[in-house]
Amino acid sequence: MIIHIDMDSFYASVEIRENPDLAGLPVVVGGSASGRGVVATANYEARKYGVLSAMPMAHALRLCPDLVCLPVNMPLYVNVSKQIRDIFYRYTPEIEPLSLDEAFLDVAGSEKLLGSAAAIARKIKQDIKNECNLIASAGVAPNKFVAKIASDIDKPDGYVLVAQNEVQDFLDPLPVNRIWGVGKKTEQQLRQIGIKTIQDARYWPADDMIKRFGKMGDHIQRLAQGLDKRAVISDAKAKSISAETTFANDIEDKDALLAILLQLTEQVAARLRDKDIKGRTVNIKIRFHDFNTITRSKTLPENTNQTRKMWNTVKQLFLGVWQQDVRPIRLVGVGISNFSENMELQRDLFTDSPEQAFEQNVRQEKLDALGDEINEKFGKSKLRRGRNLEH
Ligand code: DCP
Ligand code: MG
């Protein structure tokens with residue numbers, strides 16, 4: 001069985017834990033309204049007003065004028081994420097984190113010793129509550145696809161177990177857009193031919209589905225039957241680390257997109273530093289409103305886990321695409337691959353002055369580490385990088 005754990009309103013819950021006076025108030029974490037920032041997350045009180053992730057902060061404030069808006073304090077969340085990861089490790093080494101606040105766990109090897117997957121998921125929820133003072137939702141199911149839906153369906157404080165013989169009954173009534181990869185456009189096309197639920201998709205003749213949707217059609221039907229063979233790939237085996245965000249509404253504003261890309265870059269770089277690894281190939285992923293998806297990558301002259309170095313590359317890659325192709329965007333992602341263990345700092349042979357580059361490197365690494373440390377200690381992000389911090 002596979003367990004999927006996802007923290008409830010993660011950044012906001014961590015902030016409220018740090019400042020309990022905020023409990024019960026509508027709280028969001030994200031960029032400032034004046035800086036045209038977007039909401040990273042809203043707690044459940046704020047969601048009652050219709051405030052959602054990826055919504056412009058100014059819009060969120062119009063919906064809920066009493067909203068408490070807090071800046072993103074990534075090092076703090078990375079620290080909590082690490083604590084949660086350590087709890088997972090008590091139960092299995094087969095952990096695949098999808099972001100700071102969610103992970104798949106394959107507990108097949110632990111069940112004899114530590115109890116059933118269902119029992120382990122309950123223990124993990126309890127450990128997270130006792131030790132981190134935070135609430136996680138859990139899904140337990142025979143595969144990743146079903147486990148992920150299960151963790152989401154009863155949020156907050158969810159716990160949903162779907163046994164093998166219950167998978168079909170669990171999936172059938174759900175809207176077809178619960179199928180991973182079915183966004184607004186595919187959903188509309190499916191609706192046009194009368195497919196609204198997962199059951200509708202399952203019953204549709206396979207050959208027609210493939211004729212209409214190609215590979216996607218096959219994918220939809222496989223998942224509609226609850227079939228998903230994807231394995232849990234632990235970080236130790238992973239070849240890349242990435243983070244991505246799908247927007248509630250397509251975004252065509254360059255500055256807003258850059259702000260989100262910077263947030264994602266910070267997440268990925270902080271995760272590299274956390275693991276003490278460095279990568280060389282930086283990539284971005286952009287999915288346009290029409291689902292056309294492109295990736296661009298660049299291999300750096302040397303390995304890095306510095307936010308600034310990654311960001312320079314991410315920005316360059318993004319602007320390269322943007323100059324040629326201004327269209328509404330539905331999803332952006334940032335990733336890094338080509339890993340090495342963290343080693344002695346190397347000189348940058350591609351600059352005029354290797355010594356100067358070396359010095360800069362040392363300074364920047366110290367700055368990143370100091371930022372992580374100060375933020376971990378003091379909670380509030382004094383050193384958060386502004387997007388205009390170019391030099
Ligand atoms: N996040 C972000 N930008 C987004 C979506 C999420 O920066 N567009 C960040 C903030 C979230 C964290 O990632 O706290 C986890 O994302 P989730 O989708 O799991 O959302 P939450 O944990 O906030 O809420 P919940 O899982 O309860 O729905
Ligand atoms: Mg979450």
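Numbering of ligands and ligand atoms starts at 1, following listing order. Heavy-atom basis, side chains included; hydrogens, waters and symmetry copies ignored.
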Check each atom of ligand 1 against the heavy atoms of [X] and keep those under 4.0 Å away; list them by number with element.
X	value
Met7	22 (O), 25 (P), 26 (O), 27 (O)
Gln263	7 (O)
Phe10	14 (O), 21 (P), 22 (O), 23 (O)

Item checked: Ser81 and Arg85: side chain donor to acceptor below 3.5 Å ->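 There is such a pair (donor and acceptor under 3.5 Å, judged by atom type) between the side chains of Ser81 and Arg85.
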Checklist line | Thr299-Thr281 side chain donor-acceptor pair, cut-off 3.5 Å | finding: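 Note: Thr299 and Thr281 side chains meet the donor-acceptor criterion.
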Margin query: I'd like to know whether ligand 1 has Ser99 as a neighbour, heavy-atom separation below 4.0 Å.
Written below: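 No, that is not the case, since the closest heavy atom of the residue is not under 4.0 Å from the ligand.
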Check: Does Lys155 come within less than 4.0 angstrom of ligand 1, counting non-hydrogen atoms of the residue?
Finding: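 Distance cut 4.0 Å: Lys155 passes for ligand 1.
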Protein residue, atom and distance nearest to [atom], heavy-atom basis:
atom	answer
atom 20 (O) of ligand 1	Thr41 OG1, 4.3 Å
atom 24 (O) of ligand 1	Arg47 NH2, 2.8 Å
atom 14 (O) of ligand 1	Tyr11 N, 3.0 Å
atom 16 (O) of ligand 1	Asp101 OD1, 3.9 Å
atom 3 (N) of ligand 1	Ala40 O, 3.5 Å
atom 8 (N) of ligand 1	Thr245 CG2, 3.0 Å

Check: Would Ile286 end up clustered with Trp311 when hydrophobic side chains under 4.5 Å apart are linked, directly or stepwise?
Finding: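 They do share one cluster, since a chain of ILVMFWY contacts under 4.5 Å joins Ile286 to Trp311.
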Next item on the list: Check ring pair (Phe, Tyr, Trp, His ring centres under 6.0 Å) between Phe318 and all other residues, then give those that pass, not counting sequence neighbours.
Entry: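 With sequence neighbours excluded, Phe318 shows a ring pair (Phe, Tyr, Trp, His ring centres under 6.0 Å) to Trp322, given in chain and number order.
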Next item on the list: Before giving the answer on side chain to side chain contact (heavy atoms under 4.5 Å, CB included), spell out for Phe288 and Asp250 the whole-Å C-alpha distance, their side-chain angles and the decisive distance to 0.1 Å.
Entry: CA-CA 8 Å; Phe288 294 101; Asp250 298 340; over 6 Å; no
Salt bridge between [X] and [Y], side-chain N to carboxylate O under 4.0 Å?
X	Y	value
Asp86	Lys82	no
Lys148	Asp152	no
Glu302	Lys278	no
Glu131	Arg90	yes
Lys155	Asp8	yes
Arg287	Glu244	no

Note to self: Using side-chain heavy atoms (C-beta onward) and a distance below 4.5 Å, is Thr41 in contact with Phe10?
What the structure shows: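 No, their side chains stay 4.5 Å or more apart.
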Next item on the list: Side-chain contact test, heavy atoms from C-beta onward, threshold under 4.5 Å: evaluate it for Tyr11 versus Leu100 and give yes or no.
Entry: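 Yes, side chains in contact.
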Margin query: Please give me the protein atoms (N, O or S only) lying under 2.8 Å from the Mg ion (ligand 2), ordered by chain and number.
Written below: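 The answer, once waters are left aside, is Asp6 OD1, Met7 O, Asp101 OD2.
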Next item on the list: Return yes or no for this condition: an N or O of Thr246 is under 3.5 Å from an N or O of ligand 1.
Entry: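 Min N/O separation from ligand 1 is not below 3.5 Å for Thr246.
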Item checked: Protein non-hydrogen atom below 4.0 angstrom of atom 18 (O) of ligand 1 present ->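 So atom 18 (O) of ligand 1 lacks protein heavy-atom neighbours under 4.0 Å.
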Notebook entry, point to check: ligand 1 versus Tyr44, non-hydrogen atoms closer than 4.0 Å: side chain, backbone, both, neither?
Noted result: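 Under 4.0 Å from ligand 1, Tyr44 contributes side-chain atoms alone.
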